[in-house]
Amino acid sequence: MADTSDTPDTGGARSATATRSLLISVIGAAAFAVLALLWGLAVSSPMIVFDGLYSFVSVLLSLVSVAAVRTIERGADERYPFGRHAWEPLTVILKAVSLATLCGYALIGAIGDILAGGKHPETIPSVLYALVATVGAGLMTRYLRSHSDGLVRAEAAQWLMDTLLSVGVLLGFLLALGLESAGHPDIAGYVDPGMVILFSVLFLRMPVRLFTRSLREVLSISVDPALSGDIETAVNGIVEQYRFDEVFTRVTKIGDQLDVEIDFVVGAHSTAREVTEFDRIRQQISDILETMPHEKWMTVSFTAERRWAH
């Protein structure tokens, strides 16, 4: 049986760009955290304080993301023979768990405020904060979503949540302002904690989705057919071309690395039987993988016994 593995590049340029984007995110999140916490405490708004806590957690998680990118870009060595790409999904899992915990904490606090009769923040300053937060978070989301790196995309998803939160907060405070103007300050007092409850529940979906996707990568579960379909189609064509008895294709994704293992079963009627022919087939597969926007780790083997491939 012949066997070969092609190790991926470390992707230093990609990591440098990702690191720069994440650092910008850190600075933006830190600014929002300070602004929201001070503003929220000044106007006695649990919703704005929640926004500040969210930004503060974002700062810590962004620093973790920067450390993860710098770890990944060190590439493979004796300790990590297959590279350090697993740090990416592990970092996203940490981010997802942290955000879900924050949402749960905010939800419990808001329910307590509702049971206590509501909250009555200063409405006009709260509206002004929501305007500033919406514009700022929206611009940061647009910037980060222009990048293809997995960690930066997770960061963009985090900022998108913050943007939606700010829009909802703006609408909520406008509603509270309208209720106060209409002579219903008692009802307006439930708007602030009500918004916290609403957005805490809604935002739990994003961390759950990030956690599920990254856990699939850590557990090396097969990738989505949309990603592996082209590979399987090309491999099946090679089976027909060289009359191999069978082929087993395994594709997983860890971070930005695509792991591809292909095992051909060579039969009595197969037309490829020499090492040089096997190498040509490997090159065919490598050319196909080059068209995909991921780093690749490719292993292609040939055996006359099915038990070595299955």
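Given the structure is predicted, the values throughout are model-derived calculations rather than measurements.
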Item to check | side chain to side chain donor-acceptor pair (under 3.5 Å) evaluation trace for Thr123 with Glu180 | outcome: CA-CA 9 Å; Thr123 310; Glu180 289 179 353; 2.9 Å; yes

Between [atom1] of [X] and [atom2] of [Y], what distance do you get to the nearest 0.5 Å?
X	Y	atom1	atom2	value
Phe50	Leu53	CZ	CG	8.0 Å
Asp192	Ser126	CG	OG	7.0 Å
Ser200	Ile108	OG	CD1	10.0 Å
Arg280	Ile238	CZ	CD1	12.5 Å
Ser270	Glu277	OG	CD	10.5 Å

Is there side-chain contact between [X] and [Y], with heavy atoms separated by less than 4.5 Å?
X	Y	answer
Thr299	Val260	no
Phe173	Met195	yes
Leu107	Val196	no
Ile281	Ile285	yes
Phe302	Arg282	yes
Arg145	Leu160	yes
Val266	Asp245	no
Val300	Met298	yes

Checklist entry - If you measure from the Lys or Arg side-chain nitrogens to the Asp or Glu carboxylate oxygens, is any gap between Asp263 and Arg250 under 4.0 Å? => result yes

Item to check | Any side-chain donor near an acceptor of the partner, Asp51 and Tyr129, under 3.5 Å | outcome: yes

Next on the checklist: Would you say Asn236 and Glu232 are linked by a side-chain donor-acceptor pair, where the criterion is simply a distance under 3.5 Å?
Outcome noted: no

Verify the cluster assignment for [X] and [Y]: are they in a single hydrophobic cluster under the rule of side-chain heavy atoms below 4.5 Å apart?
X	Y	result
Leu204	Ile93	no
Val132	Val135	no
Leu131	Val49	yes
Val247	Ile231	yes
Leu179	Ile114	no

Next on the checklist: For Leu94 and Leu90: C-alpha separation, side-chain torsions, deciding distance, then whether side chain to side chain contact (heavy atoms under 4.5 Å, CB included) applies.
Outcome noted: CA-CA 6 Å; Leu94 174 62; Leu90 287 173; over 6 Å; no

Quick check: are there more than 12 heavy atoms from other residues, nucleotides or ligands sitting under 6.0 Å from [atom1] of [X]?
X	atom1	value
Tyr105	OH	no
Tyr143	OH	yes
Arg243	CZ	no
Leu115	CG	yes
Arg273	CZ	yes

Checklist entry - So Phe264 and Phe244, would you call those rings parallel, tilted or perpendicular, with 30° and 60° as cut-offs? => result tilted

Please name the pair of heavy atoms, one in [X] and one in [Y], separated by the smallest distance, quoted to 0.1 Å.
X	Y	value
Thr134	Thr163	O-CG2, 4.3 Å
Thr141	Ala156	CG2-O, 4.0 Å
Pro193	Ala110	O-CB, 3.4 Å
Trp159	Ala29	CZ2-N, 3.5 Å
Val169	Met47	CG2-CG, 3.4 Å
Leu144	Ser21	CD2-O, 3.7 Å

Main-chain N/O of [Y] paired with [X] side-chain donor or acceptor, under 3.5 Å:
X	Y	result
Gln241	Gly237	no
Trp39	Leu128	no
Thr303	Val265	no
Thr249	Ile262	no

Checklist entry - Yes or no on side chain to side chain contact (heavy atoms under 4.5 Å, CB included) for Val251 and Asp259, after CA distance, side-chain angles and deciding distance? => result CA-CA 6 Å; Val251 183; Asp259 292 337; over 6 Å; no

Next on the checklist: Just to verify, what does Glu274 make a salt bridge (Lys or Arg N to Asp or Glu O under 4.0 Å) with, not counting sequence neighbours?
Outcome noted: none

